[in-house]
Structure formats: structure tokens, C-alpha cells
Amino acid sequence: LGKPGAGKTILLLQLAETLLGQAQADDKQPLPLVFNLSSWVSKQGDLGDWLADEMRRNYGIPKKNGKNRLERNQIVLLLDGLDEVAESARDACVDAINAYRDAHKNLKIAVCSRVGDYEALTKKLDVNGAILLEDLSDAQIADYLTGDDHIGTRQLIEREPVAKAMAQTPFLLSAMKSAYQRAPYRGNPNKQLKLDDDCLETRRDHLMGQYVDARLTGEPNSTRHFLGWMAWQMTKHDRIVFNIEDLQPYDLSKYSEKYYLWVSTLIFGLIFGLICGTFGGLICEWGNHLFTNEYQFNITDGFIGGFIGGLIVGMLSGAMPSENIALYRGIIYSVMNGLIFELIFRLGTGLIFGLGIGAFGGVVGGILGMVGGQIVGMSDALSFGLVGGVISGTSVAVNFGLYSGLDADIQYTILRISLWRTKLAPLNYAKFLIHCAELGLLRQVGGGFIFRHRYLQEYFAQEWNKAHPSS
């Protein structure tokens, strides 16, 4: 427990680091994993199911494997951000944690929360104790600001009550050290900074601006722009953790969303139409060769027909877009699952189906041909039916396999390109997020990213709103 900026998350991560060292030295020790409780609100209900989903989503642990580890108490639960759960759902979240702890007697768990928000709860956590992080002492502040570069900051804190109150929290003190480095003290900071008032919130907002400016020195303007949109989106959807796969078409502007929907559905229609058209051309050419003894391997007609058919399918499906993308699989998982497992499964099913229908059609065609006195006999008709069945079955199988495996990835790629095209996000998002973490603005938690402090998220979101009031 602690005040905003007291270092709760840092202490939790230090605990995780210590426990991880123990787990690496002894494989019988449980593995520490950090979870942010803010995402529990979207599902609510059983904590175990939510934990398994988060383990898969943020740490790449398969859901079944994650549940087994949880049931065997092989995971230490480090739950951050109880105060970041929506206020209306906090008591229910406490109930879910207590119920899970009651069902797992040997569970090791630590939870972080702002002290004021925790004290306001009507229900409390059933844990063994609590640690309250105190304000930094004058001696700790002085030790942290040693050196000639911070003479002005030390004088500011000694002589100005608002600055001293800010310096008592580790994050704000760290920001002051970075933002005010080598800046001399010239008396009343409010007059010097030309601030509207001398309240804590105004000073803190100014400090965040100075801190961000110091961190983004030498960075292109797009870095600030992308972080602003990201913070605005996270605040809009009540998110503390940003995951790239959480991006959805509704995050685009109305114009860009329509562009995305049309492009994605046209691509699907074209891919599937071209596949069907090409295989259809093969069937026609085989039939032409079989029944007329003329062989001209020309599938242009089928190719063009599939192309046109794909356009029509894409346009029709564009009128009925899906509101959500199943992006949770990610590119690697989806390709592996879709192309290796699903494609093989669908291919086998399609071939069996094609052979069965082809054989049936061949026999029927042969019988009708013999009864009608046609030249084509049972064997040729059966041959055509089998080959046609195999080709058509393969076409269906390839379509199903591709759709199962690449559907989410194609939509995901188009969405990312659409965001980049509208200058809302970088093209290589992962590289950008890691770079911002190196700048000290973000922190990676599992597969997601959080702002180094909620103050930073609020600052960037406010700056975005000021620059884009129509948002």
C-alpha cells in the first residue's frame, strides 16, 4: 500500500526479481508472474480463468498448461493495480481474490493498491498482512540529489512547500531530478514558470511536461504523437496495460475504419476467389481433355472468373463487417496453428469429401452415359469424377485451412497498416514500445506495456485531447 508514486509497482517488480532468482536456482520453487488487475473488469467472474487467459496472452503459456500450474501452486501471484480496477467493480474483485485464495490454501500472493482507494473499500483482502510505503525522509531526498547538477533542485525543495510535498514520492522526485538538472533556483517557481496557480496538480502537470521533454530530447515529433494517441486510447477504454493485439478497427477514425474494412474484405474475396477459380479451371481443362481428347492447359478463364468472383464476395462481405478481430493468437501462433494443424486437418477432410463426392458423381455419370449410349464409359466418367472431386476437395480444404490460420493475421496486418497510414501508430509497434521503455516512459510487463507511472499516461492523454479536441 502507498500513495500515488510511492513505488508500489517498483517494489512488486523487485520482489518478482528476487523470487525469479530463487526459481531459477531451484526448479521446485514457484514461478513469480505479474498481473495487472485492471483487465479483470472486462470479464469478472472466476479469478482462475482470468489468470489462465492472462498467462496465455501476456506470457505465451498455453491456457491448459497455465491452469495446471495454478492448480499445483506453481505460480506466485503478484497482482498490481487493485486501485486501477473500476471503482464499481473493486469490491467484486476483492471477493474474487478472496474466493480464489480460500480455494488454494497454499497460494503465495501479493497485491498492490493506493492506500486511499483500499481504505475506501467495503471489503478487505484476506491476506496475512500489509506493507505501507512511507514518504521519503529529508535525508533520503538529500542523498538522492547529491552533486552540483542538483543544487537548484535541492534549494527549491528546501524553500518551497509544494515542491517538498512532491519530492516525498519516489517517482516525482526522480522526475524532478531529471527535469530540473542544472537549473538554478531563482525564487518563486510559479512566477518563474508562469503557471496559472500554485496548486499541486498544476505543478505536477508542469513537471510531467518537463520530464517528458527531457526524455524525448533528440526524438522525432512522431514519438510524442504516437504516445499521445496510445495514452488517449488506453484512457478511453479504461486500460492500464497496452497490448498490440488489443487494437481493433473501432480504434480508427470513421473514414479509416471504412478503408480498413473494404481493403480487408476485398483481399479475402480475392484470395479465396482466385483459389476457387484456379482449381475450377483445372477441373474444366481436365474434363475437356478427358471427353474430347484435346488438351490445352489454359486456366486463364478460371483465373479471371475467380478474380471477379472474389471482388464480388469481398464487396458483399464488406457490407457486413465483423466488429472484433480474433487477434489474440498473434502472428506466430496463428500461422503455426492455422497452416500446420488446421490446413492439414482441413486438407484431409476436403480430400476425403472430394473423393467421396467425385466417386459418386463419376459412377452416376458413367451409368447415365452407358444408358444413353454415349461414347464416354463408366471408367472415364469415374476417372473424371474422382479427379474433379480431388481438385474441388483440395480447393475447399485450402480455403478452409487458410481462413482458419490466416484470417486474424491478415486483418491484423491491414489494421496496423491503416493505423500507420493515418499517422496514429508506428509501422513497427513492438520496436517503438521497447524504445520508449528504454527512454524511461514505458515499462514492459509480460507481453504488454504500461506507462512508467499513471501520471505519465494522464499527461499524454491530456496533451492529445488539447491537440485533438474533436477526438
Side-chain angles (χ1 to χ4, degrees), residues 1-13 15-16 32-55 57-58 66 70 75-105 107-135 169-171 200-201 204 231-243 246 443 445-446 448-459 461-462:
L1 298 172
K3 296 178 181 179
K8 301 178 295 296
T9 299
I10 292 294
L11 188 60
L12 191 73
L13 294 176
L15 174 61
L33 292 181
V34 179
F35 303 87
N36 194 288
L37 286 166
S38 62
S39 64
W40 176 85
V41 179
S42 60
K43 292 185 178 180
Q44 300 195 24
D46 182 67
L47 188 73
D49 290 337
W50 173 77
L51 290 169
D53 286 336
E54 291 294 294
M55 289 169 68
R57 184 164 170 260
N58 290 323
L70 288 168
I75 303 294
V76 180
L77 301 184
L78 305 179
L79 308 180
D80 194 15
L82 177 60
D83 54 286
E84 293 164 359
V85 175
E87 186 175 356
S88 60
R90 281 180 203 155
D91 283 319
C93 185
V94 170
D95 284 338
I97 295 173
N98 287 339
Y100 188 81
R101 178 170 168 77
D102 187 58
H104 301 77
K105 300 297 184 182
L107 176 69
K108 293 183 178 180
I109 184 173
V111 185
C112 279
S113 176
R114 290 183 175 181
V115 61
D117 294 307
Y118 185 75
E119 289 175 344
L121 291 172
T122 57
K123 299 180 180 180
K124 305 299 181 182
L125 291 168
D126 181 18
V127 290
N128 296 329
I131 297 173
L132 178 63
L133 302 183
E134 297 179 344
D135 292 338
T169 59
F171 172 70
L200 179 61
E201 289 74 17
R204 191 174 62 212
W232 176 74
Q233 281 290 327
M234 293 170 66
T235 303
K236 176 182 174 183
H237 298 299
D238 293 322
R239 294 175 185 159
I240 299 299
V241 181
F242 178 82
N243 287 281
D246 285 339
R443 181 181 294 119
V445 178
F449 288 81
I450 61 175
F451 279 90
R452 186 179 173 190
H453 195 274
R454 200 188 309 180
Y455 288 149
L456 281 175
Q457 180 177 331
E458 293 170 353
Y459 169 79
Q462 289 171 4

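Keep in mind it's a predicted model, so treat the numbers as computed, not measured.
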Closest approach of [X] and [Y], non-hydrogen atoms and distance?
{"X": "Ala231", "Y": "Ala461", "value": "CB-N, 3.6 Å"}
{"X": "Arg101", "Y": "Asn128", "value": "NH2-OD1, 3.4 Å"}
{"X": "Leu37", "Y": "Cys93", "value": "CD2-SG, 4.1 Å"}
{"X": "Leu78", "Y": "Ala16", "value": "CD1-CB, 3.4 Å"}
{"X": "Lys123", "Y": "Asp91", "value": "N-OD1, 3.3 Å"}
{"X": "Trp40", "Y": "Ala96", "value": "CZ2-CB, 3.8 Å"}

Trace of the side chain to side chain contact (heavy atoms under 4.5 Å, CB included) decision for Asp238 with Val41:
CA-CA 10 Å; Asp238 293 322; Val41 179; over 6 Å; no

Is any side-chain heavy atom of [Y] closer than 4.5 Å to one of [X]?
{"X": "Asp102", "Y": "Asp126", "answer": "no"}
{"X": "Arg57", "Y": "Asp53", "answer": "no"}
{"X": "Leu82", "Y": "Lys8", "answer": "no"}
{"X": "Phe171", "Y": "Arg452", "answer": "yes"}
{"X": "Phe451", "Y": "Tyr459", "answer": "no"}

Could you walk me through whether Thr235 and Gln462 satisfy the side chain to side chain contact (heavy atoms under 4.5 Å, CB included) test, starting with their C-alpha distance in whole Å, then the side-chain angles of each, then the deciding distance to 0.1 Å, before giving a yes or no?
CA-CA 10 Å; Thr235 303; Gln462 289 171 4; over 6 Å; no

Check for a donor-acceptor pair, side chain of Asn98 on one end and backbone N or O of Lys124 on the other, with a separation under 3.5 Å.
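Flag set: sc Asn98 to bb Lys124 pair under 3.5 Å.
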
When rounded to the nearest 0.5 angstrom, what is the spacing between [atom1] in [X] and [atom2] in [Y]?
{"X": "Ile75", "Y": "Leu107", "atom1": "CD1", "atom2": "CG", "value": "10.5 Å"}
{"X": "Asp80", "Y": "Leu13", "atom1": "CG", "atom2": "CG", "value": "7.5 Å"}
{"X": "Thr9", "Y": "Ile450", "atom1": "OG1", "atom2": "CD1", "value": "5.5 Å"}
{"X": "Asn36", "Y": "Leu12", "atom1": "CG", "atom2": "CG", "value": "10.0 Å"}
{"X": "Gln44", "Y": "Asp49", "atom1": "CD", "atom2": "CG", "value": "13.5 Å"}
{"X": "Ile131", "Y": "Leu15", "atom1": "CD1", "atom2": "CG", "value": "8.5 Å"}

Lys/Arg N to Asp/Glu carboxylate O, Arg454 vs Asp83, below 4.0 Å:
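Judged by the 4.0 Å cut-off on N to carboxylate O distance, Arg454 and Asp83 do form a salt bridge.
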
The test is side chain to side chain contact (heavy atoms under 4.5 Å, CB included); show your working for Ile240 and Gln457 and say whether it passes.
CA-CA 9 Å; Ile240 299 299; Gln457 180 177 331; 4.2 Å; yes

Partner set under ring pair (Phe, Tyr, Trp, His ring centres under 6.0 Å) for Tyr455, not counting sequence neighbours:
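Testing Tyr455 for ring pair (Phe, Tyr, Trp, His ring centres under 6.0 Å), a comparison that skips the adjacent residues, returns His453.
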
For Thr169, what residues pass the side-chain hydrogen bond (donor to acceptor under 3.5 Å, both in side chains) criterion, not counting sequence neighbours?
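Partners of Thr169 under the side-chain hydrogen bond (donor to acceptor under 3.5 Å, both in side chains) test: none.
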
Contacts under 3.5 angstrom, residues 108-120 side chains, donor-acceptor by atom type, not counting sequence neighbours:
{"unit_1": "Tyr118", "atom_1": "OH", "unit_2": "Leu125", "atom_2": "N", "d": "3.0"}

For Glu134, I'd like to know if atom CD has over 12 heavy atoms of other residues, nucleotides or ligands within 6.0 Å.
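Atom CD in Glu134 is not packed in, count stays at 12 or less.
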
